[in-house]
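Chain naming here is simple, since letters A, B, ... match the order of the sequence lines and numbering starts at 1 in each. These numbers come from a predicted model, not from an experiment.
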Amino acid sequence: MTVRTRFAPSPTGYLHIGGARTALFSWAYARRHGGQFILRIEDTDVARSTPEAVQAILDGMKWLGLEHDEGPFYQMQRMDRYKAVIAQMLAAGTAYYCYTSREELDALRAEQEARKEKPRYDGRWRPEPGKTLPPVPTGIEPVVRFKNPTDGAVAWDDAVKGRIEFANSELDDLIIARPDGTPTYNFCVVVDDWDMGITHVIRGDDHVNNTPRQINILKALGAPLPVYGHLSMILGDDGQKLSKRRNAVAVTDYDDAGYLRDAIVNYLARLGWSHGDDEMFSREQFVEWFDLDHITSSAAQFNTEKLNWLNQQYLKTADAVYLADEVAKRLAKRGVTVSNDAHLQNVVALYKERAVNLNELADAVEPVLVELHPTDEMKATHFTETGLSALRDLRDRLVAVSWEKAALSACIKETCAALGVKMPAVAIPLRVAVLGLPQSPAIDAVLEVMGRESVLARLNRFL
RNA sequence: GUCCCUAUCGUCUAGAGGCCUAGGACAACACCCUUUCACGGUGUGAACCGGGGUUCGAAUCCCCGUGGGGACGCCA
């Protein structure tokens with residue numbers, strides 16, 4: 001049997017980081033076992049679902065590089081199928097009409113809460129042998145409820161949490177179709193997972209309570225049961241539940257913030273799953289190693305500092321063409337137009353080891369690409385009499401030197417010797433003069449990449 | 001309130017009864033490297049929630065507490 005997993009978000013917002021991890025694990029599990037990964041959009045909540053949200057999810061998945069093999073399937077397009085199954089269940093007696101109004105339900109719930117009981121439907125319309133049902137009221141369109149078993153228990157071996165068991169007496173008869181005939185979530189999921197041949201349902205922790213109900217429906221339908229694996233949630237940096245107000249939650253926020261997709265994937269993989277002491281691994285390695293046995297069953301707190309570190313590691317080894325592309329894109333957003341050419345790639349390569357994210361890399365690279373003027377304070381501090389004479393001495397040496405790092409370095413050292421000063425006395429004013437900043441990578445490398453013309457022009461601004 | 005899940009350094013985690021005087025990573029701190037800022041290197045401090053069992057032996061198994069989380073919708 002080939003493994004078939006699915007990711008089934010509801011399009012009511014962005015693809016958030018928790019959903020992204022769920023998708024990643026489902027994707028990886030399918031890939032690991034040579035199976036299929038299916039994308040299904042659960043859009044039966046017509047009031048809250050939007051096409052923009054669907055697009056945001058698709059964009060997020062694409063950005064992360066999680067490609068689906070089948071779908072996206074839309075539940076709204078499967079209405080006929082759901083309705084057919086409901087009719088079939090009604091006929092088989094595994095579901096029944098319920099005429100209880102919302103008001104009655106609210107009253108029932110209030111009573112139960114007052115008595116400190118778990119709120120649940122009391123089964124007043126549930127047909128039983130020998131039971132007399134209330135008279136059918138006029139003018140009320142009934143909902144359809146699933147006839148849940150009343151005794152015994154439902155249990156399953158959760159792939160991440162182990163054995164979980166619920167007494168059927170804890171479960172009430174859930175509504176599977178609204179008065180207008182549209183099916184509800186728990187029912188659609190069941191029919192979809194069945195029809196789509198899903199073998200492993202990997203989803204968030206918040207669904208464990210739905211699982212026994214879904215299993216009971218599957219059993220009533222005579223459908224095979226998938227393996228369930230419930231992932232615990234991701235908490236924010238502050239240990240609180242993730243919220244849009246306090247945390248970056250949409251995966252595209254991380255793109256905007258300058259994180260590399262591979263770093264995010266690696267970080268997410270490591271958040272809640274482990275392979276011994278391994279911290280950094282490629283996507284391919286992850287797929288090869290991934291299993292359900294090493295998933296943590298307790299909630300994990302998101303740690304931006306560790307993500308930053310990982311991102312930096314990825315940045316250091318990232319391909320220069322790709323980085324140049326990202327940098328150009330980010331510079332363009334602030335009105336600096338550069339093309340992804342050999343020069344940009346060289347500059348990026350020089351700076352990539354000292355940035356933690358792509359935005360910082362763009363910041364760092366910008367002074368090389370466009371002329372920045374040092375602040376008055378910098379000038380006052382660094383363009384002292386000795387500073388300026390060092391720059392003059394150096395400039396004269398740079399005019400004719402062969403333009404490569406070793407020779408440039410030699411020039412700087414000669415200036416140091418000529419003026420009887422140490423390296424920083426020359427290097428720092430030099431940085432301020434050519435970059436407008438007192439810090440940079442090794443200055444000889446910076447000069448080399450900038451080119452003679454540009455360096456001399458910038459130096460002469462102050463001499 | 002009821003049900004379900006969960007509990008190892010500040011954080012992510014290793015740990016499948018003896019390999020644990022509990023390992024790694026991030027962060028912190030110290031030192032080293034250094035042409036500035038970073039990178040990097042070396043090292044230090046830092047944890048098995050509490051109480052009972054089971055066992056020759058428990059971070060690991062069981063029970064009870066406590067803390068944390070989730071669910072209890074004609075939302076998904």
* Are Tyr96(A) and Trp125(A) an aromatic pair by the rule of ring centers under 6.0 Å? -> no
* Arg109(A) side chain near G73(B) phosphate (N/O to OP1/OP2, under 4.0 Å) -> yes
* Structure fact -> Sorted by chain and residue number, the side chain to side chain contact (heavy atoms under 4.5 Å, CB included) partners of Ala433(A) (sequence neighbours excluded) come out as Phe383(A), Leu391(A), Leu459(A), Phe462(A)
* To do: Identify whether any heavy atom of Tyr185(A) sits under 4.0 Å from a base atom; if not, whether one sits that close to sugar-phosphate; answer base, sugar-phosphate or nothing.
  => base
* **Interatomic distance at C1', C9(B) relative to G15(B), whole Å** => 15 Å
* Checking all strands, does Ser232(A) fall into the base, sugar-phosphate, or nothing category for heavy-atom contacts under 4.0 angstrom? -> nothing
* Distance, P atom - from U2(B) to C61(B), rounded to whole angstrom -> 27 Å
* **Distance, C1' atom - from G17(B) to G53(B), rounded to whole angstrom** => 15 Å
* Quick one: what's the B/S/- string for nucleotides 12-18 of chain B, heavy-atom cutoff under 4.0 Å, read 5' to 3'? -> BSSS---
* Sugar-phosphate, base or nothing in reach of Pro441(A), heavy atoms under 4.0 Å -> base
* What nucleic acid atoms does His230(A) come within less than 4.0 Å of, heavy atoms only: base, sugar-phosphate, or nothing? -> nothing
* Please tell me which of Gly162(A) and Asn186(A) maps to the more 5' nucleotide of RNA chain B, matching each residue to the nucleotide holding its nearest heavy atom. => Gly162(A)
* To do: Give Met233(A) one of three labels, base, sugar-phosphate or nothing, depending on what nucleic acid heavy atoms sit under 4.0 Å from its own.
  => sugar-phosphate
* Does Lys413(A) place a side-chain N or O at less than 4.0 Å from the phosphate oxygens OP1/OP2 of U35(B)? -> no
* Atom P, compared across C5(B) and G18(B): separation rounded to whole Å -> 26 Å
* Asked: Rounded to whole angstrom units, what separation is found between the CD1 atom of Ile234(A) and the P atom of U6(B)?
  -> 18 Å
* So what does Thr100(A) hit on the nucleic acid, given a heavy-atom distance under 4.0 Å: a base, only sugar-phosphate, or nothing? -> base
* Is the distance between the ring centroids of Phe37(A) and Tyr29(A) less than 6.0 Å? -> no
* Asked: Using a cut-off of 4.0 Å on non-hydrogen atoms, how would the nucleic acid contact of Ile428(A) be classed: base, sugar-phosphate, or nothing?
  -> sugar-phosphate
* Asked: Atom CG of Leu171(A) and atom C1' of C3(B): how far apart are they, to the nearest Å?
  -> 10 Å
* **Mutual orientation of the aromatic rings belonging to Phe281(A) and Phe286(A) [parallel < 30°, tilted 30-60°, perpendicular > 60°]** => parallel
* Asked: Cut-off 3.5 Å, side chains only: do Ser101(A) and Glu104(A) have a donor facing an acceptor?
  -> yes
* Asked: Going by the angle between their ring planes, with limits at 30° and 60°, are Tyr82(A) and Phe187(A) parallel, tilted or perpendicular?
  -> perpendicular
* Asked: Using atom C1' of each nucleotide, how far apart are G40(B) and A59(B) to the nearest Å?
  -> 35 Å
* Drop me the distance from Met89(A)'s CE to Thr94(A)'s OG1, to the nearest 0.5 angstrom. => 3.5 Å
* **Ring geometry between Phe290(A) and Phe25(A) (parallel below 30°, tilted from 30 to 60°, perpendicular above 60°)** => tilted
* To do: State plainly whether the residues Arg109(A) and Asp122(A) are in salt-bridge range, i.e. N to O under 4.0 Å.
  => no
* To do: Just name whichever nucleotide pairs with A7(B), Watson-Crick or G-U, keeping both distances under 3.5 Å, else none.
  => U66(B)
* Can you check the Gln112(A) CD to C72(B) P distance for me, whole Å? -> 15 Å
* May I have the distance from Arg120(A) (atom CZ) to C74(B) (atom P), rounded to whole angstrom? => 14 Å
* d(CG, Asp444(A); C1', U35(B)) in whole Å -> 8 Å
* To do: Please measure how far the P atom in G41(B) lies from the corresponding atom in U54(B), and state the result in whole Å.
  => 50 Å
Sub-3.5 Å pairs of nitrogen or oxygen atoms, protein against nucleotides 40-48 of chain B:
from, atom 1, to, atom 2, distance (Å)
G40(B), OP1, Lys316(A), NZ, 3.2

* Asked: Do Asp205(A) side-chain and G70(B) base share a donor-acceptor contact under 3.5 Å?
  -> no
* Between CG of Asp319(A) and NZ of Lys352(A), what distance do you get to the nearest 0.5 Å? -> 7.5 Å
* For Ser10(A) and Ala442(A), take the nucleotide of RNA chain B holding the closest heavy atom to each; which residue's nucleotide lies nearer the 5' end? -> Ala442(A)
* Atom-to-atom span, CZ of Arg48(A) to C1' of A76(B) - whole angstrom -> 7 Å
* What's the CZ-P distance between Phe166(A) and U2(B), to the nearest Å? -> 16 Å
* Main-chain N/O of Leu260(A) paired to Asn311(A) side chain as donor or acceptor, under 3.5 Å -> yes
* Would you classify Asp180(A) as touching base, sugar-phosphate or nothing, given that sugar-phosphate means primed atoms plus P, OP1 and OP2, and contacts are heavy atoms under 4.0 Å? => nothing
